[in-house]
Protein chains: 2
Amino acid sequence: MVTKNGRRRREYAPRVPIEQRRRELLDAALRIVVRDGHGAVTMEAVAAATGVTKPVVYGVFPNRETLLGELLRREQAAALEQLVELLPALRKGLAAGAHPADVLAEALDGFLAAVRAAPERWSCVVSPMADMPAQFNAAREETRGLVLASAEELGRWITRTFDASTDLDPELIAHTVVTLAEMAARLVLTDPERYEPARFVKGLRAAVGLVR
Amino acid sequence: MVTKNGRRRREYAPRVPIEQRRRELLDAALRIVVRDGHGAVTMEAVAAATGVTKPVVYGVFPNRETLLGELLRREQAAALEQLVELLPALRKGLAAGAHPADVLAEALDGFLAAVRAAPERWSCVVSPMADMPAQFNAAREETRGLVLASAEELGRWITRTFDASTDLDPELIAHTVVTLAEMAARLVLTDPERYEPARFVKGLRAAVGLVR
DNA sequence: TTACAAAGCTACGTCCGCGTAGCATATTGC
DNA sequence: GCAATATGCTACGCGGACGTAGCTTTGTAA
């Protein structure tokens, strides 16, 4: 009822099974990362944003590192999942010999829609988060590596389709494609008024149209 | 000679005028930022890396924020200076109606040479440094804004030269060019064996060669 | 050679975030 | 209605980084 020092005891937060708490806490942590950077993700802040106290957080995650690790893994995985869902349509386009500009524009459009569907997730996936503990950047690079490998497939298709010189190697194309996709995502997320997805899609169409 | 607790007194570092110290300290801070992230730039760490003690650092910078601020300003300014030196050659190319592939390849080559000439500087200029105090990102964005504006000039030249549709607007081109330059720089800096500047230059040539 | 100013150094006080110990209460099964 | 247990809360110890007070040494100029 009342504490040692005579202060009124805080009202109890509703009790919640641990797996649900885990999700709530990670959601709160994500919001904080996005809004204030990962340095602001203190155990206290996560607790407060979830409406509980610090030891509750420690009841779910043994330490801050684990919390951040699980958060990043969860978001990376979910983002990757969204990308995988775009693959069938893309592959069909590549195989069917559709017009390159259409194939690429469709893919970009789908991607930016995915980004807008989960803005917080993507804003932490799509920008480097400098000076995180090494293991996190490693995790990020791992996922990004998968995407790059997949983009190389696209790179090979591009060199074939446009009959490019071998100087334009698929790995370079992959880096370019992924980097530009990330750029578009960042702009769409940080300044949605000025940078609508359609703008990038149209721009891409026009650029591809210049070839040949 | 000897301290209160009977410990031997530390040997005095050579005395150095303040402006030189300032440079030394900023140099040390830069090395630390690049190697271990900005979180590792504690006043203590900077002092140690310079071979002095903490109060010496406070003798030059009133607080950590100022130190980091001055560091970033210095590096941004120096980087910008390197870019400005590349401008005359580029402008000449644009005006002289040289072959676009040559103009662009030359520019990229010059840029990557500049990056390799000052790798630490560029590795902190070229990657976002998430979760720095807001003012620093603001400073970075300011400089980057100048570069973007300049790149827009290039964008207009490109649309003119290739007679592109208005969907490919100069602002988009500017973002693309700057982002890809940053990407190349990052790759060259983090994995110089695998990504030599020439690789990007040849790739760019090949890509531009596809047009028309 | 000596005094004094400039530059360094030691030693703290403070704050903040991590992580823990142990008490309080809500909920569930009987 | 009541015990048992899971969930939450208060309170604290610890360490690391910031920033400061005040003493010590070095170099220089009279």
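What you see is a predicted model; the values in this text were computed from it and never measured. Chain letters run A, B, ... following the sequence lines, proteins first, then strands; residues in each count from 1.
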Enquirer: Got a donor-acceptor contact below 3.5 angstrom from the A/S127 side chain to the A/S123 backbone?
Expert: yes
Enquirer: Which listed nucleotide (C/dT20, C/dA11, D/dT24) is nearest to the side chain of B/R9?
Expert: D/dT24
Enquirer: Taking A/R121 for its side chain and A/L30 for its backbone only, find out whether a donor-acceptor pair lies under 3.5 Å.
Expert: no
Enquirer: Could you check whether A/R22 pairs with A/E19 (Lys NZ or Arg NE/NH1/NH2 to Asp/Glu carboxylate O, under 4.0 Å)?
Expert: yes
Enquirer: Without decimals, in angstroms, what is the distance between B/I18 CD1 and C/dA6 P?
Expert: 11 Å
Enquirer: Counting distance only, does the side-chain N/O of B/R144 pair as donor-acceptor with the main-chain N or O of B/V125 below 3.5 Å?
Expert: no
Enquirer: Heavy atoms only, 4.0 Å cut-off, all strands: where does B/E11 land among base, sugar-phosphate and nothing?
Expert: sugar-phosphate
Enquirer: For the pair B/Q76 (side chain) and B/T143 (backbone), establish whether a donor and an acceptor sit closer than 3.5 Å, ignoring hydrogens and angles.
Expert: no
Enquirer: How many whole angstroms separate atom CD of B/E19 from atom P of C/dA6?
Expert: 15 Å
Enquirer: Is there a residue in residues 21-46 of chain B whose heavy atoms reach under 4.0 Å of DNA chain C, and which residues are they?
Expert: B/R21
Enquirer: Does the ring center of B/F136 lie less than 6.0 Å from the ring center of B/H38?
Expert: no
Enquirer: Could you check whether A/R64 gets within reach of a base, just the sugar-phosphate, or nothing at all, counting any heavy atom under 4.0 Å?
Expert: sugar-phosphate
Enquirer: If you go through the side-chain atoms of B/K54, does one of them form a donor-acceptor pair with the base of D/dG19 closer than 3.5 Å?
Expert: yes
Enquirer: Given the structure, check if the side chain of A/R15 and the base of C/dT25 hold any donor-acceptor pair shorter than 3.5 Å.
Expert: yes
Enquirer: On DNA chain C, check which nucleotide each of A/Y12 and B/Y12 is closest to and give me the residue with the more 5' one.
Expert: B/Y12
Enquirer: Expressed as a whole number of angstroms, how long is the span from A/Y58:OH to D/dA11:C1'?
Expert: 15 Å
